Amino acid sequence: MEDQKPEDFKRELGLLDGTMLVVGSMIGSGIFIVSSDMVRQLGSAGWLIAMWVLTGVITVIAAVSYGELSAMFPKAGGQYVYIKEAYGKLVGFLYGWSFFAVIQTGTIAAVGVAFAKFAAYLYAPLSDKNILYEIGDFKLNAAQIVSIFTIILLSYINSRGVKNSKILQTVLTVIKILSLAGLIIFGFMAAKAEVWDANWTNAWASQSMDVTNGSWMPISGTALISAISAALVGSLFSSVAWEGVTFIAGEIKNPKRNVGLSLFLGTLIVSVIYIVANIMYLAVVPLQGIATAESDRVAVVASQVIFGSVGTLIIAVMIMISTFACNNGLIMAGARVYYTMAQDGVFFKKAAELNKASVPAWSIWMQCFWASALCLTGKYGDLLDFVVIIVLIFYILTILGIFILRKKMPDAERPYKAFGYPFLPGLYIVIASAICLALLYTKTSTSGWGVLIMLIGIPIYYLTKPKE
């Protein structure tokens with residue numbers, strides 16, 4: 001056991017806690033919503049499942065590749081530390097800047113808004129249609145208040161120490177896994193042979209839906225590539241945030257073993273759940289029904305078939321638990337990145353301080369403030385689009401960092417080596433780069449904004465850099 005100075009983090013998290021943090025941070029609202037748009041883009045059962053399998057494979061490859069880095073640098077800050085070690089302080093800062101400006105706070109805001117969307121199912125006045133205040137073009141609605149309230153509440157719980165947030169995370173994540181498993185099992189019990197057969201009749205006939213009249217158009221060539229990249233935004237957004245466990249490595253027992261292992265177990269569990277959930281949707285809901293689900297809530301449509309009218313309420317409560325646990329994990333992990341950056345002198349000094357409970361409270365509250373501000377923009381749909389491209393760019397850079405660090409630090413201790421090196425990490429870099437290029441080409445406006453926000457970090461770095 002390392003000597004722990006009082007200002008250090010406390011190592012209070014075991015393998016189960018680490019795995020639950022990975023699972024809890026990954027499963028938010030995506031799996032209940034995004035398949036609807038994916039079917040509109042590609043129009044077939046085969047393509048839908050292929051996208052989820054591809055996402056699962058590259059996510060697990062990325063996670064097991066991170067294992068080598070997490071064992072080399074078993075301290076708080078995770079991915080930021082790996083990028084800084086491989087490329088130097090500027091690129092490290094760009095990651096931290098993007099993480100604060102878009103990735104973590106944008107995701108927290110979007111997940112908070114999803115929580116509010118389903119809370120309104122239980123109590124209509126909480127909906128975004130209930131405008132509370134209007135000034136000029138700005139409208140403040142009840143859903144924004146609900147999402148900000150949950151972010152403030154979870155930030156408060158996290159500021160009181162890691163133990164409370166750890167217990168909350170593990171309990172909510174177990175409930176989330178069990179309820180998703182229940183939905184899937186009851187779904188298969190309610191499966192209809194005619195729906196299943198119809199959905200798989202032309203399993204690989206790719207077609208895209210014209211949203212204005214609900215008609216289908218066959219697609220191939222460039223249109224198919226464009227549809228694949230648009231569909232992948234959904235499945236990839238549902239599968240990000242697994243790296244959160246690397247940010248809290250300073251609080252994990254035996255991090256050299258447990259961080260890598262929880263990355264592998266967590267991403268594998270979630271990928272399997274996602275693929276099976278989509279197979280269940282195809283067994284219960286006709287493709288047309290998936291594509292035209294109201295507000296894209298495909299899980300609501302499925303649960304109405306499975307449980308009847310009470311299904312809507314069951315799914316709303318499930319998604320509220322799911323998004324609440326997801327945000328708890330994101331809030332806990334994110335603050336550790338700003339803490340580590342501040343210690344390196346590339347972020348606000350106050351962010352480097354721990355409170356009496358040994359947690360970076362100032363970082364937690366600053367993150368809370370910006371995520372709450374993003375909730376007010378109401379533009380969270382666009383945020384998701386450009387969160388995905390930035391996340392992918394830094395995943396690629398991090399995994400490329402394994403190759404760089406093997407040359408740069410050949411003698412460093414590597415208790416765990418990247419699985420399938422160099423083939424699997426190389427395969428990830430190729431696939432993820434192709435997706436990034438396709439996104440920039442097909443969704444230039446939103447993805448371009450994401451890249452622009454990232455690049456704004458370069459002048460900020462040089463303006464705020466302490467004089468050597």
Side-chain angles (χ1 to χ4, degrees), residues 16-17 19-36 38-39 45 48-49 52-53 55-56 59 111 114-123 150 167-193 195-196 199 234-235 237-239 241-242 265-286 289-290 293-329:
L16 174 69
D17 302 313
T19 307
M20 288 300 117
L21 180 72
V22 175
V23 173
S25 300
M26 283 177 77
I27 303 176
S29 51
I31 183 59
F32 305 104
I33 298 170
V34 298
S35 297
S36 187
M38 292 170 75
V39 170
L48 175 69
I49 299 302
W52 284 101
V53 171
T55 300
T59 302
V111 173
F115 175 90
K117 192 187 266 190
F118 286 92
Y121 241 65
L122 302 180
Y123 184 61
T150 61
I167 294 165
L168 182 68
Q169 187 66 29
T170 302
V171 170
L172 290 180
T173 303
V174 169
I175 293 171
K176 186 193 313 200
I177 295 172
L178 291 176
S179 52
L180 248 174
L183 180 69
I184 291 167
I185 291 163
F186 284 113
F188 282 124
M189 285 163 65
K192 298 188 177 84
V195 172
W196 176 260
N199 282 346
S235 54
F237 180 75
S238 307
S239 305
W242 46 264
L265 292 172
T267 51
L268 184 66
I269 290 168
V270 173
S271 299
V272 169
I273 288 174
Y274 282 178
I275 294 163
V276 177
N278 277 280
I279 293 172
M280 182 275 289
Y281 291 155
L282 290 168
V284 175
V285 186
I290 296 176
E294 192 192 338
S295 300
D296 285 0
R297 290 186 279 238
V298 61
V300 169
V301 177
S303 68
Q304 280 169 333
V305 175
I306 300 164
F307 302 113
S309 55
V310 76
T312 323
L313 298 177
I314 292 173
I315 209 83
V317 173
M318 248 178 83
I319 295 174
M320 285 168 69
I321 291 171
S322 180
T323 47
F324 200 72
C326 178
N327 256 356
N328 183 58

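Residue numbers start at 1 and run along the sequence shown. As the structure is a prediction and not an experimental result, all values here were calculated from the model.
Taking both residues in full, the closest heavy atoms of T323 and A114 are given as CG2-CB, 4.1 Å, listed atom of the first, atom of the second, then distance. Contact detail for G24 and T173: the closest heavy-atom pair is CA-OG1, 3.6 Å. When all heavy atoms are compared, the tightest approach of L21 to G329 is CD1-CA, 3.6 Å. Smallest separation of non-hydrogen atoms from S235 and V34: N-CG2, 4.3 Å. In plain terms, the two heavy atoms of G234 and S238 that are nearest each other are O-OG, 2.8 Å. Looking at every heavy atom in both residues, T19 comes nearest to G266 through CG2-N, 3.9 Å.
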Distance-only criterion, 3.5 Å: show the donor-acceptor pairs between side-chain atoms of residues 178-188 and protein atoms not counting sequence neighbours.
residue, atom, partner, partner atom, Å
S179, OG, I175, O, 2.9
S179, OG, K176, O, 3.0

Residues 306-320, side-chain donor-acceptor partners within the protein, below 3.5 Å, at least two apart:
residue, atom, partner, partner atom, Å
T312, OG1, Q304, NE2, 3.1
T312, OG1, S309, O, 3.4

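In this structure, the ring-ring contact (aromatic ring centres under 6.0 Å, His included) partners of W242, at least two apart in sequence or on a different chain, are Y66, Y395. Under the side-chain hydrogen bond (donor to acceptor under 3.5 Å, both in side chains) criterion, N328 pairs with N158, Q169, sequence neighbours left out. Remark: Y274 engages W52 in a ring-ring contact (aromatic ring centres under 6.0 Å, His included) (not counting sequence neighbours). Contacts of I33 classified as side chain to side chain contact (heavy atoms under 4.5 Å, CB included), with partners at least two apart in sequence or in another chain: S29, F118, D296.
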Item to check | CA sep, side-chain torsions, deciding dist, call: V195, L282, side chain to side chain contact (heavy atoms under 4.5 Å, CB included) | outcome: CA-CA 7 Å; V195 172; L282 290 168; over 6 Å; no
Next on the checklist: Using the rule given for side chain to side chain contact (heavy atoms under 4.5 Å, CB included), can you reason through V22 versus L265, listing the C-alpha separation, both sets of side-chain angles and the distance that settles it, and then say yes or no?
Outcome noted: CA-CA 9 Å; V22 175; L265 292 172; over 6 Å; no
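With a 4.5 Å cut-off on side-chain heavy atoms, M26 and T59 count as touching. Here the side chains of I279 and W196 are in contact, with some heavy-atom distance below 4.5 Å.
At distances below 3.5 Å, at least one donor-acceptor pair connects side-chain atoms of N199 with backbone N or O atoms of V285. Side-chain atoms of S303 come within 3.5 Å of backbone atoms of V300 as a donor-acceptor pair (strictly under, hydrogens ignored). With hydrogens and angles disregarded, a donor-acceptor distance shorter than 3.5 Å links the side chain of S322 to the backbone of G28.
When each of I269, I275, V276 is paired with I273, the side-chain contact (heavy atoms from CB on, under 4.5 Å) condition holds for I269 and for no other.
To the nearest 0.5 Å, the span separating CG on L172 from CD1 on I321 amounts to 7.0 Å.
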